[in-house]
Amino acid sequence: MNCPSDWPEPIVRVQSLSETGVFPDRYIKPPTQRPTPIFSNSDQATHTNIPIIDFQGLDDHHLRATTLGQISEACRDWGFFQVVNHGVSPGLMDRTQEVWRQFFHLPMELKQAYANSPKTYEGYGSRLGVEKGAILDWSDYYFLHYLPLCLKDYDKWPALPGYAREVIDEYGKEVVKLCGRIMKILSLNLGLEEDFLQKGFGGEDIGACLRVNFYPKCPQPDLTLGLSSHSDPGGMTVLLPDQHVAGLQVLKDDTWITVKPAPHAFIVNIGDQIQVLSNATYKSVEHRVIVNPAKERLSLAFFYNPKSDIAIEPAKELVTPERPALYPPMTFNEYRLYIRLNGPRGKSQVDSLKSPRK
């Protein structure tokens with residue numbers, strides 16, 4: 001399979017549509033995929049939220065076991081959790097979001113200098129997948145690489161505002177540190193050596209990238225989605241959500257739960273590669289994004305991924321006669337190409353990999 005070098009149709013920026021109040025038919029989702037009402041008064045919408053875990057407990061020997069247990073339960077039951085007191089400065093989180101908000105409000109001709117292609121997705125984009133005539137999501141985004149260093153190209157990062165690259169770089173370094181810490185916790189909770197998952201990803205030679213999602217206000221939020229239902233194809237995602245506008249929804253027990261972000265929390269979720277490595281002890285979970293009729297929304301998804309050419313398969317320590325290996329070996333490159341060509345399709349990608357029962 002070859003990666004296409006250009007988009008199959010002219011790119012339309014969703015932000016431009018929003019500013020003119022135009023809502024083309026190609027953003028209308030099939031009735032079964034449309035969101036439930038954005039502002040719901042149901043008890044479930046009001047009271048249910050993904051677990052919030054205080055990482056300060058990991059440094060207190062009285063609380064450490066309890067905190068590890070909370071993380072384990074969240075990974076098994078939800079595939080998602082929020083983390084507070086995680087070690088990344090709230091000031092840096094705020095500055096990074098402000099840099100990106102300023103970028104998306106630059107004049108279009110300045111942003112167009114960073115327009116991306118489906119060959120790498122790096123840069124300023126407005127669609128995922130290259131299927132001609134596809135129903136599109138109501139969002140623009142910016143995608144860039146942090147690791148490996150051979151893919152890190154500052155020239156492809158926004159130069160405006162003037163301090164953008166410096167702030168984005170500092171943010172990336174801090175989130176990579178946090179991801180390394182979480183990987184150790186997940187390994188221990190699986191009963192493995194603390195460096196097991198990191199080694200499985202390639203040790204220090206892993207992949208890390210950022211997608212900044214910009215969801216302009218939408219004239220028909222009941223007919224579309226900012227991001228279609230999917231599970232994340234990579235290893236683990238650390239999301240910096242919009243503090244003021246909710247939008248992320250997580251599928252739990254066949255119900256879409258709208259996540260309420262805690263102040264200066266990160267939202268962490270398991271990706272398909274950790275589902276494979278853990279032999280489905282931890283599961284990636286379908287999630288999507290709804291849009292708002294009156295407010296724009298901005299979030300930063302940081303993806304922490306295996307080295308692209310390492311075969312990922314269930315840990316031998318987690319394979320037993322009662323629970324055989326559920327997945328065949330596959331490199332992240334092979335899996336990612338499959339998803340790029342098909343676009344978001346719920347959980348069907350990772351589920352389709354399951355080894356046939358003998």
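Reckoned from all heavy atoms, side chains included, excluding hydrogens, waters and symmetry mates.
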Between Q15 and K111, is the side-chain contact (heavy atoms from CB on, under 4.5 Å) condition met? List the steps.
CA-CA 12 Å; Q15 192 173 3; K111 291 182 290 194; 2.8 Å; yes
So do L225 and V291 actually touch side chain to side chain, heavy atoms under 4.5 Å?
no
Indicate if Y335 and L151 have the same hydrophobic cluster label, given that clusters are the connected sets of ILVMFWY residues with side-chain heavy-atom separations under 4.5 angstrom.
no
E174 bridged to K177 by N-O distance under 4.0 Å:
yes
Within the supplied structure, the quantity of interest is the number of heavy atoms (other residues, nucleotides, ligands) at a distance under 6.0 Å from Q102 CD; does it exceed 12?
yes
Would the distance check show the side chain of E313 and the main-chain N or O of M330 forming a donor-acceptor pair, the cut-off being under 3.5 Å?
no
Which atoms form the tightest heavy-atom contact between H86 and F55, and what is the distance?
CA-CB, 4.3 Å
Is any side-chain heavy atom of S229 less than 4.5 Å from a side-chain heavy atom of W256?
yes
Within-4.5 Å side-chain heavy-atom neighbours: I182 and Y304:
no
Among V259, L248, T237, the one residue meeting side chain to side chain contact (heavy atoms under 4.5 Å, CB included) with F80:
L248
Say whether, by atom type as modelled, one donor and one acceptor occur between the side chain of K184 and the main chain of R181 under 3.5 angstrom.
no
With H287, which of K252, H230, Q249 fulfils side chain to side chain donor-acceptor pair (under 3.5 Å)?
H230
Nearest heavy-atom approach of D254 to L251 is C-CD1, 3.8 Å
Q112 atom CD, neighbour heavy-atom count above 12 within 6.0 Å:
yes
Do the ring planes of Y141 and Y121 sit parallel (below 30°), tilted (30 to 60°) or perpendicular (above 60°)?
parallel
Quick one: does T224's side chain have a donor or acceptor within less than 3.5 Å of a partner on P221's backbone?
no
Is any side-chain heavy atom of M236 less than 4.5 Å from a side-chain heavy atom of V268?
yes
Residue pair I310 / G202: nearest heavy atoms and the distance that separates them:
CD1-CA, 3.4 Å
Treating R64 as the side-chain partner and L58 as the backbone partner, does any N or O pair qualify as donor plus acceptor under 3.5 Å?
yes
Check whether the ring centres of W157 and Y146 lie less than 6.0 Å apart, and answer yes or no.
yes
Chi angles and distances behind the side chain to side chain donor-acceptor pair (under 3.5 Å) call for Y27, Q220
CA-CA 9 Å; Y27 293 90; Q220 293 286 311; over 6 Å; no
Does T281 offer a backbone N or O that forms a donor-acceptor pair with the side chain of R76 under 3.5 Å?
no
How far apart are the C-alpha atoms of Y215 and V14, what are their side-chain angles, what is the distance that settles it, and do they pass the side-chain contact (heavy atoms from CB on, under 4.5 Å) test?
CA-CA 8 Å; Y215 305 103; V14 175; over 6 Å; no
Could you measure the distance from the CD1 atom of I312 to the CD atom of E334? Nearest 0.5 Å is fine.
11.0 Å
Counting only N and O atoms by type, is there a donor-acceptor contact under 3.5 Å from the side chain of E122 to the main-chain atoms of K156?
no
Here the pair of heavy atoms bringing D242 nearest to S299 is N-CB, 4.4 Å
Show, in sequence, the C-alpha distance, side-chain angles and deciding distance for M183 and I274, and conclude whether the side-chain contact (heavy atoms from CB on, under 4.5 Å) test is met.
CA-CA 10 Å; M183 291 281 278; I274 285 182; 4.1 Å; yes
Does any non-hydrogen side-chain atom of I270 lie less than 4.5 Å from one of C75?
yes
Can you find a heavy atom in the side chain of V176 that is under 4.5 Å from one in the side chain of F302?
yes
Check whether any side-chain N or O of R34 sits under 3.5 Å from a backbone N or O of D222 as a donor-acceptor pair, and report yes or no.
no
Exam field: side chain K260 to backbone T48, donor-acceptor pair closer than 3.5 Å:
yes
Decide side-chain contact (heavy atoms from CB on, under 4.5 Å) for L210 and W100; before the verdict, give the C-alpha distance in whole Å, the side-chain angles of both, and the deciding distance to 0.1 Å.
CA-CA 12 Å; L210 176 72; W100 283 109; 4.0 Å; yes
Hydrophobic clustering (ILVMFWY, side-chain heavy atoms < 4.5 Å, transitive) - are V84 and I71 grouped together?
no
For K295, I'd like to know if atom NZ has over 12 heavy atoms of other residues, nucleotides or ligands within 6.0 Å.
no
Any chance CD of E73 has more than 12 other-residue heavy atoms, nucleotides or ligands included, within less than 6.0 Å?
no
Measuring from atom CZ of F23 to atom CG of L223, what distance do you get when rounded to the nearest 0.5 angstrom?
5.0 Å
Say whether L110 and Y163 are linked into one hydrophobic cluster, either directly or through other cluster members, by side-chain heavy-atom distances under 4.5 angstrom.
yes
Taken to the nearest 0.5 Å, the spacing of R297 CZ from R101 CZ works out to 10.0 Å
Joint cluster assignment, F196 & V319, ILVMFWY side-chain distance < 4.5 Å
no
Evaluate the side-chain proximity of K29 to S228: yes if any heavy-atom separation is below 4.5 Å, no if none is.
yes
Check whether any side-chain heavy atom of F81 lies under 4.5 Å from a side-chain heavy atom of I52, and answer yes or no.
no
If I take atom CG from residue L188 and atom CG from residue D195, how far apart are they, to the nearest 0.5 angstrom?
9.5 Å
Closest non-hydrogen atom pair, N305 against I206
O-CB, 3.4 Å
Exceeds 12 heavy-atom contacts within 6.0 angstrom, atom CG of D309:
yes
Which distance, rounded to the nearest 0.5 Å, do you find between the CD of Q82 and the CD1 of I267?
4.5 Å
Look at D137 together with R288 and state whether they make a salt bridge at an N to O cut-off of under 4.0 Å.
no
Intermediate values then yes/no, salt bridge (charged side-chain N to carboxylate O under 4.0 Å, His left out), R165 and D169:
CA-CA 6 Å; R165 291 174 179 170; D169 207 22; over 6 Å; no
Taking S284's backbone N and O only, do any of them form a donor-acceptor pair with D272's side chain (distance below 3.5 Å, no angle check)?
no
So F103 and Y124, would you call those rings parallel, tilted or perpendicular, with 30° and 60° as cut-offs?
perpendicular
Rounded distance [0.5 Å steps], CZ in F201 versus CG in L277:
6.0 Å
Donor-acceptor pair, distance only, cut-off 3.5 Å: does the side chain of N189 make one with the backbone of G69?
no
Does CD belonging to E9 count more than 12 external heavy atoms closer than 6.0 Å?
yes
Test of ring centre spacing under 6.0 Å for F143 and H145
yes
Group every Ile, Leu, Val, Met, Phe, Trp and Tyr by side-chain heavy-atom contacts under 4.5 Å, then state whether L227 and I28 land in the same group.
yes
List the residues meeting side-chain contact (heavy atoms from CB on, under 4.5 Å) with I11, not counting sequence neighbours, and say none if there are none.
W7, R13, S126, R127
Where Q243 and P263 come nearest, the two heavy atoms and their spacing:
OE1-CA, 3.3 Å
Return the orientation label for the H105 and F214 ring planes: parallel under 30°, perpendicular over 60°, tilted otherwise.
perpendicular
